[in-house]
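Counting starts at 1 for both ligands and their atoms, following the listed order. In what follows, every heavy atom counts, from backbone to side chain, and hydrogens, waters and symmetry copies are set aside.
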Amino acid sequence: MSTDASPDTSSSSSIVDDAKRFGTPTEATPLADDDHQRELIAQAVDKVRDTTPLAQSFTNFVTINLVANAQLAAGGTAAMSYLPDDIIDTAAIAKATYINVGTLLPFFKDALGNIARSLHAAQHPWVLDPVAAGIGRTRSAILWAFRSAPPTIVRGNASEIIALAGIWDLNVPSAGAHADTTRPAGVEAVDDVDSARDAAVIMARYLRGYAPNHRAAVAVSGATDLVTDGDTVYRLPGGSEMMTKITGAGCSLGGVTATYLAVTDPLTAALTASALYNRASEEAERASHGPGSFQTAFLDALWNTTAQTVSQSPITAEAV
Ligand SMILES: Nc1ncnc2c1ncn2[C@@H]1O[C@H](COP(=O)(O)OP(=O)(O)OP(=O)(O)O)[C@@H](O)[C@H]1O
Ligand SMILES: Cc1ncsc1CCO
Ligand SMILES: [Mg+2]
């Protein structure tokens, strides 16, 4: 257990060096059917269903019910709280925590930074959903406070990942190319997933300097999801556009990512949640007639999609 909030830079190159390393992308190739990563994904799906791990959440008021129900449907258990001492106490029994900054209140300003520092001191893994990053000075101050006690996984849409990299001053080389067009649009993305690729890679390298076992991940959701541990960029196509017609698809994806983080490493947790969501939303679209029945069918599909189907999802990998 460490109480030192300094990053261990021995396992990650500096942000400036990282910036110089962009510009020579290798080709993305399909992950082989027998790739070990697929085995880890299947194990994560089964382990959650076998062990019902608790992942606790501090999440927004709009979608809190869907987050808890999605965690249960994936096989985990849920506990929601906004009390800092609750969250610290529960971190001792939960294997992972989810923090979503969608609907903050002024008095959370200092509380959330303190919670993050406690989680970091306990080497407790957590997932951040930086909802609406870039909007409002109070939210930006809270996200800034996470910079020195960062999460194990950041999961957001492309605009949120780009905005958070800016708030954290991560020096993303391609950020200038989007300077005129990148702006927060409330809780919805206005950027393509791939425009957040460099920000995601640099952020993952930053996070792992602080992370338990130096392992961290960043997940960018959209039509094709992008997941990276800072060394490899994975892309997961598919899913359903109906996910954009219910509120909380992204929030609950963050919660389910925390459920998997309770049983596996950050990269596998992010890949498993993304692949499960893609397959389950495809099934839900087939079984439903509109947003209301889609949400119900989606929870059923989270419950019923097999580990084999999740782990054999289409995934490409690109070394960076
Ligand atoms: N056009 C699309 N086609 C297929 N799947 C999509 C599409 N857009 C989003 N998704 C899926 O929806 C889920 C949520 O991703 P999204 O990018 O909408 O998150 P978000 O913007 O944080 O959502 P919210 O904040 O509304 O909860 C992910 O599983 C993602 O793969
Ligand atoms: C609609 C909405 N507003 C704040 S959080 C939230 C849920 C989607 O992120
Ligand atoms: Mg969101």
Return the residue, atom name and 0.1 Å-rounded distance of the protein heavy atom closest to [atom].
atom: atom 25 (O) of ligand 1; result: V187 O, 3.9 Å
atom: atom 3 (N) of ligand 2; result: V187 CG1, 3.7 Å
atom: atom 15 (O) of ligand 1; result: S221 OG, 3.2 Å
atom: atom 2 (C) of ligand 1; result: A223 CA, 3.5 Å
atom: atom 6 (C) of ligand 2; result: V62 CG2, 3.8 Å
atom: atom 28 (C) of ligand 1; result: L253 CD2, 3.8 Å
atom: atom 1 (N) of ligand 1; result: E241 CG, 3.5 Å
atom: atom 21 (O) of ligand 1; result: N157 ND2, 2.9 Å
atom: atom 24 (P) of ligand 1; result: G250 N, 3.7 Å

Atoms of ligand 2 less than 4.0 Å from [X] heavy atoms?
X: V131; value: 9 (O)
X: T63; value: 7 (C)
X: N60; value: 5 (S)

- Pairs touching residues 211-230 that satisfy salt bridge (charged side-chain N to carboxylate O under 4.0 Å, His left out), sequence neighbours left out: R215-D265
Sub-4.5 Å side-chain heavy-atom contact between [X] and [Y]:
X: V320; Y: R197; value: yes
X: Q56; Y: I93; value: no
X: R38; Y: D34; value: no
X: L276; Y: V45; value: no
X: T247; Y: L66; value: no
X: T264; Y: Q43; value: no
X: Y277; Y: L236; value: no

Find all atoms of ligand 1 within a distance of less than 4.0 Å from any non-hydrogen atom belonging to [X], and give their numbers and elements.
X: G238; value: 4 (C), 5 (N)
X: N278; value: 31 (O)
X: S240; value: 3 (N), 4 (C), 5 (N), 6 (C)
X: T244; value: 8 (N), 9 (C)
X: G248; value: 27 (O)

Measure the [atom1]-[atom2] distance between [X] and [Y] for me, rounded to the nearest 0.5 Å.
X: L170; Y: M203; atom1: CG; atom2: CE; value: 5.5 Å
X: T59; Y: I99; atom1: OG1; atom2: CD1; value: 10.0 Å
X: Y260; Y: T257; atom1: OH; atom2: OG1; value: 9.0 Å

- Item | Y277-ligand 1 polar pair, N/O distance under 3.5 Å | no
- Query: Can an N or O of C251 be found at a distance shorter than 3.5 Å from an N or O of ligand 1?
  - Reply: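 Such a contact does occur with ligand 1.
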Are any of the heavy atoms in [X] under 4.0 Å away from ligand 1?
X: D225; answer: yes
X: V193; answer: no
X: G156; answer: no

- Message: Tell me whether N213 at atom CG has more than 12 heavy atoms from other residues, nucleotides or ligands lying less than 6.0 Å away.
- Response: no
- Item | Heavy-atom nearest neighbour of atom 6 (C) of ligand 1 within options G222, G239, A249 |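 It is G222 whose heavy atom sits nearest to atom 6 (C) of ligand 1.
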- From atom 12 (O) of ligand 1, work out which of E282, M243, R155 has a heavy atom at the shortest distance.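 Ranked by closest heavy atom to atom 12 (O) of ligand 1, first place is M243.
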- Query: Heavy-atom contacts under 4.0 Å between C251 and ligand 2: side chain, backbone, both, or neither?
  - Reply: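 For C251, only side-chain atoms sit under 4.0 Å from ligand 2.
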- Taking only Lys NZ, Arg NE, NH1 and NH2, and the carboxylate oxygens of Asp or Glu, determine whether R235 and D194 approach each other closer than 4.0 Å. yes
- Message: Taking the ring centre of each residue, are Y82 and F61 less than 6.0 Å apart?
- Response: yes
- Strictly by modelled atom types, are S311 and E39 linked by a side-chain donor-acceptor pair under 3.5 Å? no
